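Below you'll find the structure, written out as structure tokens, and then a few comments.
Order of the sequence lines fixes the chain letters, A, B, ..., with proteins taken first and strands second; residue numbering starts at 1 for each chain. Both backbone and side-chain heavy atoms feed into the values below; hydrogens, waters and symmetry mates do not. Computed from a predicted structure; not experimentally measured.
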Amino acid sequence: MISINKEALDQIRRHAESSYPAECCGALFGVKNNDTRSVSEIIPLPNRWDGESAKQRYLITADDYIYLEKTAEEKGADILGFYHSHPDHAAQPSDYDREQALPVYAYLIVAVEKGTARDIACWVLCNDRSAFSRETMNVTSS
Amino acid sequence: MSVRVLIPSALRRYIEDKDTVEIEARTVEELLDKLVSQHDELRRQMLTEDGGLRGFINIYVNDQDIRYLDKYQTRLKSGDVVTIVPAIAGGVA
Ligand SMILES: [Zn+2]
């Protein structure tokens, strides 16, 4: 299960809408206890693809990842996962998402339809990398 | 010939939660073989079925990307630091 507050979710929606028709991306920081990830903060990041590519791809580079690890450590948080948007596509992971994913992380996807954020769903890759399973999302008010 | 390997947080769970391991290796290829040989799950996440490095895994020798060195044949010497870093990517297509 992933627990995230409404304000953080709204922030992700706004990031997705302002990036449209490009994909947006960012990291989810927080703590993990057993199977529950509690998001304390989201870290919006630039999509390192640009132009036409950015409309169907997002990229958080190795340098960005190093920055995130350092920042998480300073905050005493863990990198719980990442979010990205699917402009005019459903909030379901693509084959490309699966090829690029790591089972340790949660992947939150927000569907954006004609510039308006719609469904949000969270996914975790199974250990054998064959498929994602959908995570229950618990939206808190504070 | 001992080389220090820095493991990113994303992969530590597959290698007894270690953030650093010391490995004796003369090339990056030998280092990768040794690193994954006793960790099947690490192998599955880092390498494809035919043994190539997954596209999102980056390897640096003393902060230089092996793609711009001699790739898997990049030579290692005692005291080198090898860093493994994933990129995070995806998209609708
Ligand atoms: Zn996607």
Taking side chain as everything from C-beta outward and backbone as N, CA, C, O, which of these in [X] sits under 4.5 Å from a heavy atom of chain B? Side chain, backbone, both or neither.
| X | value |
| --- | --- |
| A/P103 | both |
| A/D128 | both |
| A/F82 | side chain |
| A/E99 | backbone |
| A/A54 | neither |

Does atom [atom1] ([X]) have a neighbourhood of more than 12 heavy atoms from anything else shown, all under 6.0 Å?
| X | atom1 | result |
| --- | --- | --- |
| A/Y67 | OH | no |
| B/D50 | CG | yes |
| B/E22 | CD | yes |

(request) List the steps, then state whether side chain to side chain donor-acceptor pair (under 3.5 Å) holds for B/R54 with A/Q100. (result) CA-CA 8 Å; B/R54 291 193 185 280; A/Q100 302 291 318; over 6 Å; no

What distance do [X] atom [atom1] and [Y] atom [atom2] have between them, rounded to the nearest 0.5 Å?
| X | Y | atom1 | atom2 | value |
| --- | --- | --- | --- | --- |
| A/R129 | B/T48 | CZ | OG1 | 10.0 Å |
| B/I88 | A/Y83 | CD1 | OH | 14.0 Å |
| A/I66 | B/T83 | CD1 | OG1 | 7.0 Å |
| B/S9 | A/I79 | OG | CD1 | 4.5 Å |
| A/D63 | B/D65 | CG | CG | 9.5 Å |

(request) Name the region of B/L11, side chain, backbone, both or neither, that has any atom closer than 4.5 Å to a heavy atom of chain A. (result)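 For B/L11, the contact with chain A is made by the side chain alone.
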
(message) Please classify the contact of B/R44 with chain A as side chain, backbone, both or neither, using a heavy-atom distance under 4.5 Å.
(response)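 When you check distances to chain A, atoms from both the backbone and side chain of B/R44 fall under 4.5 Å.
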
With clusters defined by side-chain heavy atoms of hydrophobic residues (ILVMFWY) lying less than 4.5 Å apart, directly or transitively, does [Y] cluster with [X]?
| X | Y | answer |
| --- | --- | --- |
| A/I60 | A/W49 | no |
| A/L59 | A/Y105 | no |
| A/L102 | B/L42 | yes |
| A/L28 | A/V104 | no |
| B/I57 | B/Y60 | yes |

(request) Indicate the atoms forming the closest heavy-atom contact of A/Y96 with B/A89, along with that distance. (result)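 Looks like OH-CB, 4.4 Å.
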
(request) Please report the shortest heavy-atom distance between A/D97 and B/G90, naming the atom on each side. (result)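 Looking at all heavy atoms of both residues, the shortest contact is OD1-CA, 3.1 Å.
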
(request) For the pair B/N58 and A/Y65, evaluate side chain to side chain contact (heavy atoms under 4.5 Å, CB included) and give the outcome as yes or no after the intermediate values. (result) CA-CA 11 Å; B/N58 300 275; A/Y65 186 87; over 6 Å; no

(request) Heavy atoms only, distances under 4.5 angstrom: which of A/S85, A/A72, A/A62 has the most pairs with chain B? Name it, please. (result)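 Looking at each of A/S85, A/A72, A/A62 in turn, A/A62 comes out on top.
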
(message) Please evaluate residues A/N127 and B/Y14 with respect to the criterion side chain to side chain contact (heavy atoms under 4.5 Å, CB included), reporting the C-alpha separation (whole Å), side-chain torsions for both, the decisive distance (0.1 Å), and the verdict.
(response) CA-CA 11 Å; A/N127 278 323; B/Y14 307 118; 4.0 Å; yes

(request) Run through A/Q56, A/H84, A/R57 and flag the one making a side-chain contact (heavy atoms from CB on, under 4.5 Å) with B/V92. (result)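 Between B/V92 and the candidates, side-chain contact (heavy atoms from CB on, under 4.5 Å) is satisfied uniquely by A/Q56.
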
